[in-house]
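Here the structure comes first, spelled out in structure tokens, and everything after it is commentary.
Being a predicted model, the structure only gives us computed values, none of them experimental. Residue numbering restarts at 1 for every chain, and letters A, B, ... go by the order of the sequence lines.
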Amino acid sequence: MKMRLDHPNEMLTGLTGLGGLSQPDVGDPDSVRKQQSLGQPQQDIGDILQQIMAITDESLDEAQARKHALNCHRMKPALFSVLCEIKEKTVLSIRGVQEEDPPDPQIMRLDNMLLAEGVSGPEKGGGSAAAAAAAAAAGGSPTDSSIEHSDYRAKLAQIRQIYHSELEKYEQACSEFTNHVMNLLREQSRTRPISPKEIERMVAIIHRKFSSIQMQLKQSTCEAVMILRSRFLDARRKRRNFNKQATEVLNEYFYSHLSNPYPSEEAKEELAKKCGITVSQVSNWFGNKRIRYKKNIGKFQEEANLYAVKTAVDAANVSAQASQANSPATPNSGISSIPPHFIVLLK
DNA sequence: CGTTATGATTGAAC
DNA sequence: GTTCAATCATAACG
């Protein structure tokens, strides 16, 4: 199975666009420069670009020094307060882009499924519980089914491992990136006003972006699990016949209740226990048997006679004992020739 | 091989 | 929910 997982870096590039979004143009380096040369004629843009392009490693120190000088400029506090004022006015327009919806229904759905499948959640113990339940549902003799499912479990564990390592990677990348951005903002807050709310908003944006990637991961993991399930757990692919004794028991019941071959829930449970199969398998068997018997009664005649004799003997024994004990029991089982309305009266 | 038997699944019906 | 009918996919058989 191939897991299509997008690399975190891809979204990092996408995030930069979002980060700048709706950010008022009050604090870029350009405006700082303008503050410094407030009284002088406007500098040519080309000039500035030239300066930027001319920056080299050696000039970085110089730039740092200039920045420091800027911070210590006597006009700085006053300008900063002006910026704060502007910001105060524009901050109103920023609001309203804040509505959140933390309980994303889709991610909840995926989470639930991964949990049910044993991919997320507790280690091995919980993981094999789902597999064990599936094994029980698949039925068959317990000897060979465990071998098949060990393969399944190994594959599931593999998916699980990939899922968790990817998840961890994403989380690490997310916190790293968040830290980076926060540091950047904190650094910038020395030259432009940045409210804690803004930082919060930024962090929220980052987290949202990362959680959308997480959802992709969860989605593809779910897909992989579903494929695995259909490959290994689709019992149709590895059908095993019931053992002889089980079919014996089922046939016995079927032909001894031929007039009404519909076992009740309790009867099904008992048959299931006797045959070492599940209740739904019993239901399947009776469903198949009824339709196939009806379709070609002739073909089953021999079988019917065989079991009829068998149960007739049993019934004879039972009724003999019963009639010996007390009142004549109703030989209601077997190929009863008593009309339905009499049976009703006898109940 | 092809054929038949058989357990499971699916979709419609009640 | 169950049952029927058709169908699928495999096992068992010759």
Side-chain angles (χ1 to χ4, degrees), chain A residues 1 109 112-113 116-119 128-156 159 222-311 332-336 338-341 343-344 347:
Chain A
M1 84 231 60
R109 206 171 46 96
N112 285 340
M113 191 194 140
E117 230 51 66
V119 175
S128 54
S141 46
T143 43
D144 50 5
S145 71
S146 64
I147 295 164
E148 287 163 28
H149 291 308
S150 74
D151 200 6
Y152 168 80
R153 234 169 299 157
K155 287 274 190 346
L156 191 70
I159 291 177
C222 277
E223 236 169 79
V225 170
M226 290 317 267
I227 291 166
L228 185 69
R229 274 187 78 90
S230 67
R231 273 263 291 286
F232 281 81
L233 263 38
D234 187 355
R236 275 200 299 197
R237 290 183 186 278
K238 286 210 180 277
R239 184 178 65 75
R240 289 277 114 97
N241 291 355
F242 299 153
N243 59 46
K244 236 174 156 144
Q245 184 252 330
T247 43
E248 191 108 335
V249 170
L250 293 167
N251 272 318
E252 223 166 274
Y253 188 98
F254 179 78
Y255 287 112
S256 65
H257 298 74
L258 204 50
S259 56
N260 184 35
Y262 296 89
S264 65
E265 192 58 37
E266 294 84 60
K268 277 183 194 169
E269 274 167 31
E270 192 170 329
L271 285 168
K273 204 155 66 172
K274 257 197 236 177
C275 301
I277 58 179
T278 67
V279 173
S280 55
Q281 280 178 305
V282 173
S283 297
N284 286 339
W285 191 90
F286 273 89
N288 283 322
K289 193 72 185 181
R290 280 191 299 264
I291 193 72
R292 281 163 187 166
Y293 179 83
K294 194 181 81 175
K295 248 183 171 169
N296 191 353
I297 295 177
K299 202 172 69 185
F300 289 91
Q301 203 52 59
E302 207 180 322
E303 195 179 61
N305 290 336
L306 193 106
Y307 284 102
V309 170
K310 212 181 202 145
T311 53
N332 197 7
S333 60
I335 32 178
S336 167
I338 303 172
H341 54 279
I343 294 176
V344 172
K347 276 183 182 166

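One can place NZ of K299(A) at 12 Å from C1' of dT3(B), the figure rounded to the nearest angstrom. Rounded to whole Å, the distance from OH on Y262(A) to P on dT3(C) is 7 Å. Rounded to a whole Å, the CD atom of E302(A) is 13 Å from the P atom of dA5(B). In this structure, CZ of F242(A) is placed 13 Å from C1' of dA11(C), rounded to the nearest angstrom. Across the protein-nucleic acid pair, L250(A) atom CG and dT6(B) atom P stand 12 Å apart, rounded to whole Å. dT6(B) atom C1' lies 15 Å from atom NZ of K244(A), rounded to whole Å. Counting to the nearest Å, the P atom of dA5(B) and the CG atom of N296(A) are 9 Å from each other. Distance Y293(A) OH to dT6(B) C1': 18 Å, rounded to the nearest Å.
Taking the nucleotide of DNA chain B with the nearest heavy atom to each of N241(A) and N284(A), the more 5' of the two is matched to N241(A). Across the interface with DNA chain C, nearest-nucleotide mapping of N288(A) and S283(A) shows S283(A) to be the residue nearer the 5′ end.
Within the 4.0 Å cut-off from OP1 or OP2 of dT6(B), not a single side-chain nitrogen or oxygen of R292(A) is found. The side chain of K295(A) places an N or O atom within less than 4.0 Å of a non-bridging phosphate oxygen (OP1 or OP2) of dA6(C). Phosphate proximity of dA8(B) to Q281(A): present, with a side-chain N or O under 4.0 Å from OP1 or OP2. In terms of phosphate contacts, K268(A) brings a side-chain nitrogen or oxygen within less than 4.0 Å of OP1 or OP2 of dT3(C).
In this structure the side chain of F254(A) reaches within 4.5 angstrom of the side chain of W285(A), judged on heavy atoms.
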| query | Would L250(A) and C275(A) count as a side chain to side chain contact (heavy atoms under 4.5 Å, CB included) if you check the C-alpha gap in whole Å, the side-chain angles of each, and the deciding distance to 0.1 Å? | reply | CA-CA 8 Å; L250(A) 293 167; C275(A) 301; 3.9 Å; yes
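Side-chain atoms of R290(A) stay outside donor-acceptor range of the base of dT2(C), with no qualifying N/O pair under 3.5 Å.
Annotation: the span from E270(A) atom CD to E266(A) atom CD amounts to 10.0 Å, rounded to 0.5 Å. Note: F286(A) CZ to Y262(A) OH = 11.0 Å, rounded to the nearest 0.5 Å.
Counting only residues at least two apart or on different chains, the side chain to side chain donor-acceptor pair (under 3.5 Å) pairs with a member in residues 288-298 of chain A are N251(A)-K289(A), K289(A)-E303(A).
Of the candidates dA9(C), dA5(C), dT2(C), the closest approach to any side-chain atom of R239(A) belongs to dA9(C). In this structure, the nucleotide among dG7(B), dC4(C), dA5(B) sitting nearest to the side chain of W285(A) is dG7(B).
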